[in-house]
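Numbering starts at 1 and runs along the sequence shown. Counting starts at 1 for both ligands and their atoms, in listed order.
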Amino acid sequence: MAACDFASREFDDAVRAAGRRAFEETLAAGLSVFYLDDEGLDRPGGLSHIHYNRTTVPGKTFYIETFGCQMNAHDSEKVVGTLLSEGYAQVATPEDAGLVLYNTCSIRDKAEQKVFNRLQNFKREGMKGKIFGVLGCVAQQEGERIFNRAPHVSLVAGSASYTHLGEMLVQLESGNRRVTGLSFDNAEAFDTPFTRRDNPHRAYLTIIEGCDKSCAYCVVPFTRGPERSRTSESVMAEARGLAEKGYTEVQLLGQNVNSYRDPSPAGWDFATLLGRVAEIPGMRRVRYTTSHPRDFVRGIVDAMDANPAICDHIHLPVQSGSSRVLAAMDRLYTREEYMRRIEWIRNAKRRYSLTTDIIVGFPGETDADFQQTLDLLDEIQYDSLFSFKYSPRPNTAALRMEDRVPDEEKQRRLLILQEKQRAIQIRRNAELIGGIQEVLVEGRNQALGQWIGRTTCNRTLNFSHPGTNGNDLAGEYLSVRVTRAGPNSLVGESAAVV
Ligand code: SAM
Ligand code: SF4
């Protein structure tokens with residue numbers, strides 16, 4: 001999915017405002033993690049269930065902060081698992097850590113600036129004796145330039161080199177203060193037995209890494225390298241292992257899961273893999289993200305229709321409603337071809353919730369092009385969307401395009417788009433009032449005295465459930481009657497345990 005800023009604003013606020021003690025209490029209670037749209041529109045992302053090790057060994061402690069998409073969040077889970085297996089202990093604040101890591105996002109300039117601000121803060125506070133590492137997309141994009149910009153950084157590594165994380169740690173431990181992992185050579189998928197997942201009920205599972213498309217605005221092919229699919233055997237083994245450990249929901253991840261191609265002789269495509277994962281005993285919910293419309297074939301809808309464990313939600317990023325802009329973006333589909341996919345979805349056996357990503361202000365986008373995007377919203381009636389102002393990124397084709405849209409105009413279009421979508425969501429969510437939704441309980445909002453649930457169509461449903469006698473409902477599936485609806489979430493009361 002939206003695979004966009006997966007920044008934890010509550011996390012930041014908790015650390016700043018409440019200090020470490022209150023922060024740990026917040027974590028113990030279950031902390032909501034939010035995706036941030038442009039202009040900070042909150043989207044519930046998931047829950048953090050991190051348990052920090054408080055018995056720290058000096059020099060063998062680490063702190064990690066993650067920015068960006070689910071792919072980054074899951075990479076961090078793998079990095080954390082690898083560090084734990086190497087004898088490191090995770091701590092809750094950078095102050096307590098010997099090794100401070102930032103797993104970064106560079107999808108838009110704003111996300112990139114965040115990490116440099118973090119590093120700058122530490123420089124000022126003079127955090128001596130610590131080792132700083134920049135991981136992920138900014139690391140890959142900026143490479144060794146980071147050492148000049150932030151000389152207190154000792155490790156710069158992109159995601160394609162995490163398979164060598166153990167060796168990089170050895171170099172750091174032996175005193176090397178310029179360790180890099182930036183090569184895409186022989187890049188394999190980062191498939192590790194050490195993943196330490198943050199959530200005990202919902203698991204991310206990488207099926208494909210990198211991207212072979214070349215959308216004119218996008219930095220991902222430069223930061224995450226070429227596409228590498230995992231073998232179906234290793235994906236299935238991991239998925240079965242998750243079900244055996246009690247995970248009931250799995251989200252298959254990749255920048256473009258639709259172009260999954262099993263490299264083993266079995267040769268499964270994405271639809272086959274999706275169907276097989278959903279057949280694993282104990283797997284109650286299977287999601288996937290993110291999809292490129294060009295590779296979204298009818299077989300995926302058929303696989304979804306055939307297996308009720310696959311969630312009623314499809315995220316299909318359109319980016320623009322204008323075929324002219326789509327061509328300039330090199331998206332490889334027209335508005336009409338996109339609409340054909342929507343038709344397959346609308347004609348399916350089940351009703352699927354539909355969400356998307358939209359960029360406003362791409363170079364050359366006229367008022368008429370933008371109007372076509374607004375018309376598309378009217379036509380499709382998305383259940384939710386992530387909207388972004390076009391942000392020029394290094395190395396990308398759009399960087400050389402003329403006819404830039406001024407920032408004030410991008411802002412104006414963004415607000416119009418968000419306003420329209422807000423009205424659509426108010427209407428669509430209101431249609432659910434009075435009905436029953438099954439939710440997976442994700443945690444409790446102590447302040448509101450409500451449980452937080454997620455529906456199969458990926459809506460947040462906060463609900464009351466009297467008589468729990470202090471029991472934690474997290475991880476349970478409950479039937480909830482919807483009583484109220486806002487633009488971004490629903491409110492309800494539990495009906496009965498399913
Ligand atoms: N692979 C997905 C696809 O093909 O749609 C997109 C993944 S990308 C990490 C997530 C979203 O970020 C994109 O769908 C796009 O809307 C947004 N995005 C990417 N590059 C951007 C840029 N330069 N400026 C603004 N938004 C951008
Ligand atoms: Fe970026 Fe396009 Fe690849 Fe998506 S498909 S990650 S937008 S290059």
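For ligand 1 and Tyr390, the ligand atoms under 4.0 Å from any heavy atom of the residue are 24 (N), 25 (C). Each of the following atoms of ligand 1 lies closer than 4.0 Å to a heavy atom of Ile107: 8 (S), 9 (C), 12 (O), 18 (N), 19 (C), 20 (N), 21 (C), 22 (C), 23 (N). Under a 4.0 Å criterion applied to the non-hydrogen atoms of Pro221, ligand 2 contributes the atoms 8 (S). Ligand-side atoms of ligand 1 in range of Lys389: 24 (N), 25 (C), range being under 4.0 angstrom from any heavy atom. Close contacts between ligand 2 and His292 involve ligand atoms 5 (S) [criterion: under 4.0 Å to a heavy atom]. Taking a cut-off of under 4.0 Å to the non-hydrogen atoms of Tyr217, the atoms of ligand 2 that pass are 7 (S). Close approach of ligand 1 to Arg393 is summarised as follows: ligand atoms under 4.0 Å from at least one heavy atom of the residue are 23 (N). Interface of Pro317 with ligand 1, defined as ligand atoms under 4.0 Å from a residue heavy atom, comprises 5 (O).
Summarising the contacts of atom 6 (S) of ligand 2 with Gln255, Arg224, Gln319, Arg331, the nearest heavy atom is found in Gln255.
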side-chain hydrogen bond (donor to acceptor under 3.5 Å, both in side chains) between Arg224 and Asn72, intermediate numbers included: CA-CA 11 Å; Arg224 288 192 159 264; Asn72 263 11; 2.6 Å; yes
Stepwise side-chain hydrogen bond (donor to acceptor under 3.5 Å, both in side chains) check, Gln371 with Asp375: CA-CA 6 Å; Gln371 186 56 48; Asp375 294 345; 3.0 Å; yes
Residues Asn103, Thr66; criterion side-chain hydrogen bond (donor to acceptor under 3.5 Å, both in side chains); working and verdict: CA-CA 5 Å; Asn103 188 5; Thr66 308; 4.8 Å; no
Test side chain to side chain contact (heavy atoms under 4.5 Å, CB included) applied to Tyr382 and Leu376, step by step: CA-CA 9 Å; Tyr382 289 109; Leu376 188 82; 3.9 Å; yes
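Using a 30° and 60° split on the angle between ring planes, Phe362 and Tyr390 fall in the perpendicular class, above 60°.
Counting non-hydrogen atoms of neighbouring residues, nucleotides and ligands closer than 6.0 angstrom, the CZ atom of Arg298 reaches no more than 12 such neighbours.
Residue contacts with ligand 1: Ser391 is placed with a nitrogen or oxygen under 3.5 Å of a nitrogen or oxygen of the ligand (distance criterion only). Looking at ligand 1, you won't find any N or O of His292 less than 3.5 Å from one of its N or O atoms.
We find that Arg261 and Glu227 are not joined by a salt bridge, their nearest charged nitrogen and carboxylate oxygen being 4.0 Å or further apart.
Geometrically, Arg108 does not engage Phe388 in a cation-pi contact defined by less than 6.0 Å to the ring centre and at most 45° from the axis.
Residue Lys213 does not touch ligand 1, judged by heavy-atom distances below 4.0 Å. By the criterion of a heavy-atom distance under 4.0 Å, the side chain of Arg108, and not its backbone, is placed next to ligand 1. Residue Phe388 touches ligand 1 through its side chain alone, judged by heavy-atom distances below 4.0 Å. No part of Pro317 comes within 4.0 Å of ligand 2, judged by heavy-atom distances. Contacts between Val220 and ligand 2 below 4.0 angstrom, taking non-hydrogen atoms only, involve the side chain exclusively. Contact annotation for Thr290 and ligand 1: only side-chain heavy atoms (C-beta onward) come within less than 4.0 Å of the ligand.
Contact annotation: Asn256 has no heavy atom less than 4.0 Å from any atom of ligand 1. Arg331 counts as a contact of ligand 1, since one of its heavy atoms falls under 4.0 Å from the ligand.
Of the inter-residue distances, the one linking Ser106 atom OG with Lys114 atom NZ reads 13.0 Å to the nearest 0.5 angstrom. Atom CD in Glu409 sits 4.0 Å away from atom CZ in Arg413 (nearest 0.5 Å). Between the CD atom in Gln90 and the CG atom in Leu99 there is a gap of 11.0 Å [rounded to 0.5 Å].
Looking at every heavy atom in both residues, Gln140 comes nearest to Gly181 through OE1-O, 4.4 Å.
In summary, Cys215 places no N/O/S atom under 2.8 Å from atom 3 (Fe) of ligand 2, failing the contact criterion. At a threshold of 2.8 Å, atom 1 (Fe) of ligand 2 has no backbone or side-chain N, O or S atom of Cys211 nearer than that distance.
Atom 1 (Fe) of ligand 2 has its closest protein heavy atom at Cys218 SG, 2.3 Å.
In this structure, a donor-acceptor pair under 3.5 Å is absent between the side chains of Gln411 and Asp407.
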